[in-house]
Protein chains: 2
Amino acid sequence: MTRKLRSKAPARTTYRHGDLRRALLEAGIALARAGGPDAVVLREATRRAGVVPNAAYRHFASRQDLLEAVRSAALSELAKTMEAEIALVGRGKSGEAGARANLRAVGAGYLRFALTETGLFRTAFATPEFRGFTGDPARAGDSGLGPFELLSAALDQMAQAGSLPAERRPGAEFLAWSAVHGFAMLVIDGPLHTVSRGDIHAIGERVIAMVEKGL
Amino acid sequence: MTRKLRSKAPARTTYRHGDLRRALLEAGIALARAGGPDAVVLREATRRAGVVPNAAYRHFASRQDLLEAVRSAALSELAKTMEAEIALVGRGKSGEAGARANLRAVGAGYLRFALTETGLFRTAFATPEFRGFTGDPARAGDSGLGPFELLSAALDQMAQAGSLPAERRPGAEFLAWSAVHGFAMLVIDGPLHTVSRGDIHAIGERVIAMVEKGL
DNA sequence: TAGCGTATGTGGACGGTGTATACATCGTAT
DNA sequence: ATACGATGTATACACCGTCCACATACGCTA
């Protein structure tokens, strides 16, 4: 009796989930997809995994930590969507026309993801201590590149094709990114909700045109 | 005894706060200023107002309702900051140079607010059912105009001055707004956190230049 | 001036959340 | 076979938003 002796119930449940970490992550992704970052609540994720709340703490240090993992996944999905759009345009085409098409594809993919997977998109930018839009494999698409790097590559291509003066190349990704990101945010956050879905698309085109011309 | 008879304690506190609604709103604003939308928690606001949690429900239907009021105030502060920046540049100046200066002031004010009052800025765009960037006096600055309308006015001025072709005027505010808003978001949400504060300012300038040229 | 109705604040409770601490169970290496 | 570390459970706490019944005080009418 020197040992602790305060048992209660036998607990005949499964134990050993198999891959709980993955299950929790996927539950978290599903929650984020449906309701954005605030919707990824730890207890609900464990519930969906068929496990008691605290079990999560064996795999994630905190809710914030889980959310971070979900965000990584969201970032990766964003990159994949962008890659898909690029592929659709025909990746190999070089020359000025190809470079422009590529840049447009990057922007279009970004916007498509924001409008289609709003919850994940919001989650991808959920604030606390960001860090990481780059080549971290966890947050990259199939090509191994993250969203930011896909954009960078598109701009490099434009510079090589001569559509973008070399002296304006450095930092240009921030400008382009700002425009597209801002448009996406304004649409999903409401300010442009009065505008019809069709017009949204048209304005999106103009945003990208502004970038091409204004860089 | 037909009446309810289940009293408990005399309760000798103040009662009749004076203007609780205002106190709660201001507490909410302070919380949002310090920590963004998630930080405006109802119980804390009532605590700061020196009142029991439920008292809030006499003035706000829910936490969401309080948050909405705070957002209105944040929007109004944004408009004020923009107005201040416009005034600084010298409002009256017309002509092409004046129009450009005005547009720049609008953008600069927007960015200043985003970087200075990050919590309020985030709160101003806290999602659920947006609606209202326009002339609602509650969310306008001293001039009675909201942020969106200040931008619109600046673009009108540019069109009149001939710096912006008339056929490109319609919808131009969405393009300009997107660029500036996106830049602000990227800065405060982290992706550009690696960039130094000084460079941020420089890039902000380039964003506005891109807008001027790309519209 | 007395009384009363209503606006405003209080008290207590409920279900939900994140998380800490102690315990039970299981796979595995010795 | 056994001891141990990894994984899941049980229990508990503080905090949150919100519902309900009740207490109090202000301002109107009589």
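Residue numbers start from 1 in every chain, and the chains themselves are labelled A, B, ... in the order their sequence lines are given, proteins ahead of strands.
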Q | Verdict with supporting geometry, A:Y110 and A:F121, ring-ring contact (aromatic ring centres under 6.0 Å, His included) | A | CA-CA 9 Å; A:Y110 199 92; A:F121 183 76; 5.5 Å; yes
Q | Check against salt bridge (Lys or Arg N to Asp or Glu O under 4.0 Å), B:D156 and B:R169 | A | CA-CA 8 Å; B:D156 284 343; B:R169 173 63 190 82; 2.9 Å; yes
Q: Would you please test B:R139 and B:S76 for side-chain hydrogen bond (donor to acceptor under 3.5 Å, both in side chains) and show each step?
A: CA-CA 4 Å; B:R139 22 191 67 147; B:S76 170; over 6 Å; no
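Below the 3.5 angstrom threshold, one finds no donor paired with an acceptor across the side chain of B:N54 and the base of C:dG9.
Aromatic ring centroids of B:H181 and B:F125 lie under 6.0 Å apart.
Note: CZ (A:R58) to C1' (C:dT21) measures 10 Å, nearest angstrom. Atom pair A:F60:CZ and C:dT19:C1' shows a separation of 16 Å (rounding to whole Å applied). In this structure, A:L66 places its CG atom 10 Å from P of C:dT19, rounding to the nearest Å. Atom NE2 in B:H17 sits roughly 16 Å away from atom P in D:dA25 (whole-Å rounding). When rounded to the nearest whole Å, the span between OH of B:Y57 and P of D:dC16 equals 12 Å. Summarising the geometry, the separation between CZ on B:R63 and P on D:dC15 is reported as 18 Å, rounded to the nearest angstrom.
The side chain of A:H59 places an N or O atom within less than 4.0 Å of a non-bridging phosphate oxygen (OP1 or OP2) of D:dG8.
Residue pairs meeting the salt bridge (charged side-chain N to carboxylate O under 4.0 Å, His left out) criterion with at least one partner in residues 102-116 of chain B, sequence neighbours excluded, are B:E85-B:R112, B:R104-B:E205, B:R104-B:E212.
Within residues 20-48 of chain B, the residues having any heavy atom under 4.0 Å from DNA chain C are, by residue number, B:L20.
Among residues two or more places apart in sequence or in another chain, the salt bridge (Lys or Arg N to Asp or Glu O under 4.0 Å) test is passed with A:D199 by none.
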